[in-house]
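Shown next, in structure tokens, is the structure this report addresses.
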Amino acid sequence: MAADVPRYDFRAAEPKWQAAWNSLDCFRVEDVPADGKPKYYVLEMFPYPSGKIHMGHVRNYTLGDVVARYKRARGYSVMHPMGWDAFGLPAENAARERGIHPGRWTWDNIAAMRAELKRMGLSIDWAREFATCDPAYYGQQQKLFLSMLEAGLAERRESWVNWDPVDNTVLANEQVIDGRGWRSGALVEKKRLSQWVLRITDYAPELLSALDGLKRWPERVRLMQANWIGRSEGARMSFAMAEPQGEIDSIEVYTTRPDTLFGMSFLAVAAEHPLASLVAEHDPAAAAFVADCRSRGTSEAVLETLEKKGFPTGLEVVNPLTGCRHPVWIANFVLMEYGTGALFGCPAHDQRDLDFARKYGLAVTPVVLPPGVAEADMAIGDKPYDGPGLMINSGFLDGLSTDAARGAAIGELERLGVGKGVVNWRLRDWGVSRQRYWGCPIPVIHCDTCGVVPVPVAELPLRLPDDVTFDRPGNPLDHHPTWKHVSCPACGAAARRETDTFDTFVDSSWYFARFCSPLAEEPLVRDAVDHWLPVDQYIGGIEHAILHLLYSRFFTRAMKQTGAVAAAEPFDGLFTQGMVTHESYKDLQGKWLYPEEVQRRQDGMMVHRETGEDVVVGRVEAMSKSKRNTVDPGAIISRYGADTARWFILSDNPPERDMEWTEAGVVGAYRFTQRLFRLAENVPVAPAGEMPASFEGPARILRRAAHRTIVAVTEALESFAFNVAVAKLYEFANALAEAERAADEPGMLWARQEAVGIAARLISPMMPHLAEEISARFGHDGLVAQTRWPEADPALLVVDQVRLAVQVMGKLRGTIEVAPNTPEAEVLALAEAEPNVLRALAGKRVVKRVYVVNRIVNFVLAGS
RNA sequence: GCCCGCCUGGCGGAAUGGUAGACGCAGCGGACUUAAAAUCCGCAGUCCUUUGGGCGUGCCGGUUCGAGUCCGGCGGCGGGCACCA
């Protein structure tokens, strides 16, 4: 390498600047600041401490850091914290597989990941760091839970769980594979357990209506949440049994289509419905059918291909509006969890009902006439009609519109006292009990005389015992020799601790609030949370669009109800990033290969780095361990530096889309860091003296480029168009290179020094280390990290010449240069005189002349 | 099946209804070099009869002086979903 080419030594520079930021506490903020600055809370979804960061983390935390650094430069007091979502199953799996204690495994992972994150140069206030598995955090969570319990927001309820009968353990959905337990391979059963639920459904109306106020959320996330909450209007009604069965003399049904009651042909109940159980007691065939429904998993793939099946009970119900009798079936497509677990079937106007009716030869009676169809022509083939229309075959409803009929039917049901109009919600209460060790203990005690008794607050945190074993299936807390045996805090009698722990979604439902006062001896400090909440910009993956965000919205409302916070909504702005993808590779034996095992030969073919064997290049897809198409961020940072990794991940494409990680792209980004460094290095540091009174020629051009770039980059950062900000900085680098060739022009030294100073500040959110390195060379006061964002000089943004497009009949025929806001007559004369335009207009009659100031001229010609 | 999103050069992408393809990657040409790497400069949608013209933002139509952008329909790709009564 030539000695005279300056090179940027990121290996020395990056740790140096990180240490400088650290020693000056650049990113530290107070719980309740008194600096009078406007606040800005930037948060990225905190990571699960798996042990290594992956490219998704790099993308997530780079995006957040750009926002944090930019807002800081704009004069905000920015809180940008980091923590660890540290409870969860992988730690228990590690314990079972490798004999490591989950706590040890987790804390080691945290240490490793913290070191990796720090190498990225993130502007994080590390003093706020916490892990959810720390008793200092989960003890506060236990307090929150007790306050919710007192407020009636938590209660015990029976609910269904996936049960592995061989391992005698509850399985998470992800542990059920094709209906079998992932370890034992046993067919999973559904089992009823008494569990803690949080009453999120109490807030269903508000969680839905408040979505409209979340203006800075992606539309599709709001839509997904709205669909998940699932408000529907309909009727709840009961059908009398023709012959009562034991206790059951009627069946309760929810319907959104009471208007189609006259088209009813059957009634169907879920396999878990009490009537199904009753029938199954006496009828082995029914019992077999019910068992068959129950053994089937609930995974989507199964449901997709599921054929609609039913079992006729031989019983009948009476339709209260028509007086007709209809058969009662047990059907596999009826969900016990939704509505009342029973429905009435109107095959003419519902696809599932129609499929079912065709299969079992049930009646299909149309009752809604589509607009424009004669009643005589109305027929149902294999498609139902589910649109609006006029009622037919419907007694007193005949002739009404479907809308009117809906109201009239409900009115009649109410008059008869057999039903009423209701609003129904799809959202279900949140079951938070998990039969696991590595989670936050639920702080209650079960006493035979007193029932459920809260653990006294003075005894919190209720710690997990460390001395647990994972040598047998089930919950180690349950097996622990002493932990669960306590005396009742109320009566003193022998009692048992709750051995369930919380769903880890509970941990992540309030961590953003805890960051405001992470060391407090109470869950939240009002002054601190009321200052910082809501989070101004939350950034994370779309995969959390529903559960995490909805639970957090609920939790914040619950905390508001118990007086812990003022805000109802946790996240004012939400940005959902795309995935990081990569090509995948297989060798000729079909074994997946890591990118570093593969290289591109001269002819472009991909071959194995060591064997030289051909490699099959597969799809570009989300990085995953199983496909081995992962790239280790640590290795990238070691080879190219954090700034390069950050720059590339921002430059490739808009951040909401999936990006493809490519070696070529990283190399390109690396080259740019070097180029920019050289361009800055080539500007003499000699004092440029007083600012010249005026600039002409290349110096003026450079200054205009610099100030236009300020505007362009600012706009791009404000709108999350980071790839555009990068592109504008590439352009600016080209302008700097241009200026280098005109270095001897008057005013140039001053202009170049100004330009480099502007460049350093504009790149600083994206490449903070390089920004410092460049800036330091000119002896600028202080760190770029503490410097204000540059302001564009309006005088330099004024354009003195605009190029107008001249069109003839909408087609470009030439361009003309004029002063801004040139009067119409003058512009039109110039445009018509442009040689090529002149040619296009020759012999034609112009019927209209369009002039949009500073934009365009268009001549419209007569004739065809 | 339902809901949502997307579709622009070889590739990633840019473009308040106003010169489509900024910027980058890959490519090509040149300078420098004994040579290579690195670097620097330049070219580059496509076709043709090339001082110019035709075509061109998935396809078909519409609105407009003017459409990648707005509207209607169709197709393809991707994502979400708990068969939601």
Side-chain angles (χ1 to χ4, degrees), chain A residues 1-2 5 7 218-221 223-224 226-228 230 232 234-235 253-258 260 267-268 270 298-300 303-304 306 308 331-335 337-346 350-353 355-356 424-428 542-543 545-546 578-579 604 648 651-654 656-660 662-669 671-672 674-675 678 712 716 721 723-734 737-738 740-741 803-815 835-836 839-840 847-852 854-861:
Chain A
M1 182 167 317
V5 178
R7 279 188 76 82
E219 182 58 39
R220 64 177 175 143
V221 174
L223 203 86
M224 283 163 84
N227 289 341
W228 190 264
S232 69
V253 158
Y254 171 73
T255 178
T256 55
R257 294 297 302 274
T260 63
L267 188 143
T298 52
S299 88
E300 191 182 340
L303 292 173
E304 281 284 321
L306 190 61
K308 288 173 186 45
N332 65 353
F333 64 93
V334 182
L335 299 176
E337 295 82 13
Y338 185 80
T340 60
L343 60 84
F344 84 80
C346 176
D350 182 279
Q351 185 69 59
R352 287 159 312 157
D353 296 349
D355 293 347
F356 193 76
N424 195 53
W425 302 87
R426 182 174 170 277
L427 183 69
R428 302 200 282 253
I542 188 77
E543 66 273 20
I546 297 175
M579 291 183 301
F648 173 54
S651 68
D652 189 59
N653 66 353
E656 68 275 15
R657 294 194 210 167
D658 289 353
M659 75 161 293
E660 186 187 350
T662 59
E663 180 70 12
V666 189
V667 171
R671 274 204 302 263
F672 181 70
Q674 293 295 342
R675 178 168 192 239
R678 263 193 314 274
N723 57 320
V724 178
V726 166
K728 296 297 177 187
L729 286 163
Y730 273 116
E731 276 182 69
F732 187 39
N734 291 338
E738 194 89 27
E740 197 169 291
R741 276 170 265 146
R803 177 175 291 183
L804 296 186
V806 182
Q807 297 180 338
V808 176
M809 296 297 279
K811 282 185 185 295
L812 182 73
R813 291 300 177 225
T815 60
N836 207 38
R839 199 170 18 245
V847 294
K848 186 170 179 181
R849 294 170 175 81
V850 179
Y851 171 44
V852 180
N854 301 336
R855 288 262 179 213
I856 203 161
V857 174
N858 191 11
F859 295 103
V860 185
L861 304 178

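The chains referred to below are lettered A, B, ... by the order of the sequence lines, with proteins before strands, and numbering in each begins at 1. Atom set for the values below is all heavy atoms of this structure, side chains included, hydrogens, waters and symmetry mates excluded.
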Inset, instruction - Would you classify B/rG9 as syn or anti? Syn applies when the glycosidic angle is within 90° of 0. - result: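 B/rG9: syn glycosidic orientation.
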
Report yes or no: does [X] contribute a side-chain atom to a donor-acceptor pair with the main-chain N or O of [Y] at less than 3.5 Å?
X        : Y        : value
A/Arg813 : A/Val808 : no
A/Asn858 : A/Gly810 : yes
A/Arg426 : A/Asn227 : yes

Locate the shortest heavy-atom distance separating [X] from [Y]; write the atom from each residue and the value.
X        : Y        : answer
A/Trp425 : A/Tyr338 : O-CE1, 4.3 Å
A/Met659 : A/Asn653 : CB-OD1, 3.4 Å
A/Val253 : A/Thr340 : CA-OG1, 3.3 Å

Separation of [X] atom [atom1] from [N] atom [atom2], in whole Å?
X        : N      : atom1 : atom2 : value
A/Arg426 : B/rC81 : CZ    : P     : 10 Å
A/Arg352 : B/rA82 : CZ    : C1'   : 12 Å
A/Glu663 : B/rC25 : CD    : C1'   : 13 Å
A/Asp355 : B/rC83 : CG    : C1'   : 10 Å
A/Asn227 : B/rC83 : CG    : C1'   : 15 Å
A/Met659 : B/rC25 : CE    : C1'   : 12 Å
A/Asn854 : B/rU16 : CG    : P     : 17 Å
A/Asn424 : B/rA85 : CG    : C1'   : 9 Å

[atom1]-based separation of [M] from [N] [nearest Å]:
N      : M      : atom1 : answer
B/rG79 : B/rU19 : P     : 35 Å
B/rG58 : B/rU39 : P     : 36 Å
B/rC40 : B/rC25 : P     : 10 Å
B/rC23 : B/rG61 : C1'   : 35 Å
B/rG56 : B/rG45 : C1'   : 8 Å
B/rG17 : B/rA67 : C1'   : 7 Å
B/rG52 : B/rC60 : P     : 30 Å
B/rU33 : B/rA38 : C1'   : 11 Å

Any base atoms under 4.0 Å from [X], or only sugar-phosphate, or nothing? Heavy atoms, all strands.
X        : value
A/Tyr730 : sugar-phosphate
A/Arg220 : sugar-phosphate
A/Leu223 : sugar-phosphate
A/Val726 : nothing

Legend entry - First encountered from the 5' end of RNA chain B, between A/Gly665 and A/Thr340: A/Gly665

Inset, instruction - On RNA chain B, check which nucleotide each of A/Gly341 and A/Ile546 is closest to and give me the residue with the more 5' one. - result: A/Ile546

Atom pairs, N/O to N/O, protein against nucleotides 59-67 of chain B, distance under 3.5 Å?
unit_1 : atom_1 : unit_2   : atom_2 : d
B/rC65 : O2'    : A/Asn858 : ND2    : 3.1
B/rC65 : O2     : A/Asn858 : ND2    : 2.7

Atom [atom1] of [X] and atom [atom2] of [Y]: how far apart are they, to the nearest 0.5 Å?
X        : Y        : atom1 : atom2 : result
A/Asp652 : A/Thr662 : CG    : OG1   : 6.5 Å
A/Thr256 : A/Asn424 : OG1   : CG    : 9.5 Å
A/Arg803 : A/Arg855 : CZ    : CZ    : 15.0 Å
A/Met809 : A/Phe859 : CE    : CZ    : 13.0 Å

Inset, instruction - Apply side-chain contact (heavy atoms from CB on, under 4.5 Å) to A/Phe344 and A/Thr260, showing your working. - result: CA-CA 10 Å; A/Phe344 84 80; A/Thr260 63; 3.7 Å; yes

Legend entry - Dot-bracket notation for RNA chain B, counting Watson-Crick and G-U pairs under 3.5 Å, with | for partners on another strand: (((((((..(((.....[....))).(((((.......))))).((((...))))..(((((..]....))))))))))))....

Nucleotides 10-14 of chain B: which of its N/O atoms have a protein N/O under 3.5 Å away?
unit_1 : atom_1 : unit_2   : atom_2 : d
B/rG12 : O2'    : A/Asp652 : O      : 2.6
B/rG12 : O2'    : A/Asp652 : OD2    : 3.4
B/rG13 : O3'    : A/Asn723 : ND2    : 3.4
B/rA14 : OP1    : A/Asn723 : ND2    : 3.4

Legend entry - A/Val221 vs A/Ile542 side-chain heavy atoms within contact, under 4.5 Å: yes

Inset, instruction - Would you check if there is a donor-acceptor pair between the side chains of A/Arg657 and A/Asn723 at a distance under 3.5 Å? - result: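 No, because no side-chain N or O of A/Asn723 sits under 3.5 Å from a partner of the opposite role on A/Arg657.
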
Inset, instruction - Could you verify whether a donor N or O on one side chain and an acceptor N or O on the other, from A/Tyr730 and A/Ser651, lie under 3.5 Å apart? - result: no

Inset, instruction - Apply the test side-chain contact (heavy atoms from CB on, under 4.5 Å) to residues A/Phe333 and A/Asp353: give CA-CA distance (whole Å), side-chain angles for both, the deciding distance (0.1 Å), then the verdict. - result: CA-CA 10 Å; A/Phe333 64 93; A/Asp353 296 349; 4.1 Å; yes

Legend entry - Crowding at CZ, A/Arg675 (>12 non-hydrogen neighbours, <6.0 Å):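 Counting neighbours around CZ of A/Arg675, more than 12 heavy atoms of other residues, nucleotides or ligands fall under 6.0 Å, so yes.
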
Inset, instruction - Taking side chain to side chain donor-acceptor pair (under 3.5 Å) as the test, write out the residues that go with A/Gln351, two or more places apart. - result: A/Asp355

Please write out the pairs of protein N or O atoms and N or O atoms of nucleotides 53-57 of chain B separated by less than 3.5 Å, giving the distance to one decimal.
unit_1 : atom_1 : unit_2   : atom_2 : d
B/rG53 : OP1    : A/Asn836 : ND2    : 3.1
B/rG53 : OP2    : A/Asn836 : ND2    : 3.4
B/rG54 : OP1    : A/Arg813 : NH2    : 3.2
B/rG54 : OP2    : A/Arg813 : NH1    : 3.3
B/rC55 : OP2    : A/Lys811 : NZ     : 3.3

Below 3.5 Å is the cut-off: list the nitrogen or oxygen pairs between protein and nucleotides 41-48 of chain B, distance only.
unit_1 : atom_1 : unit_2   : atom_2 : d
B/rC41 : OP1    : A/Arg741 : NH2    : 2.6

Legend entry - Selection from B/rC83, B/rA82, B/rG18 that lies nearest to any side-chain heavy atom of A/Arg428: B/rA82

Inset, instruction - Start with the C-alpha distance between A/Gln807 and A/Ile856, add both sets of side-chain angles, then the distance that settles side-chain contact (heavy atoms from CB on, under 4.5 Å), and finish with yes or no. - result: CA-CA 8 Å; A/Gln807 297 180 338; A/Ile856 203 161; 3.3 Å; yes

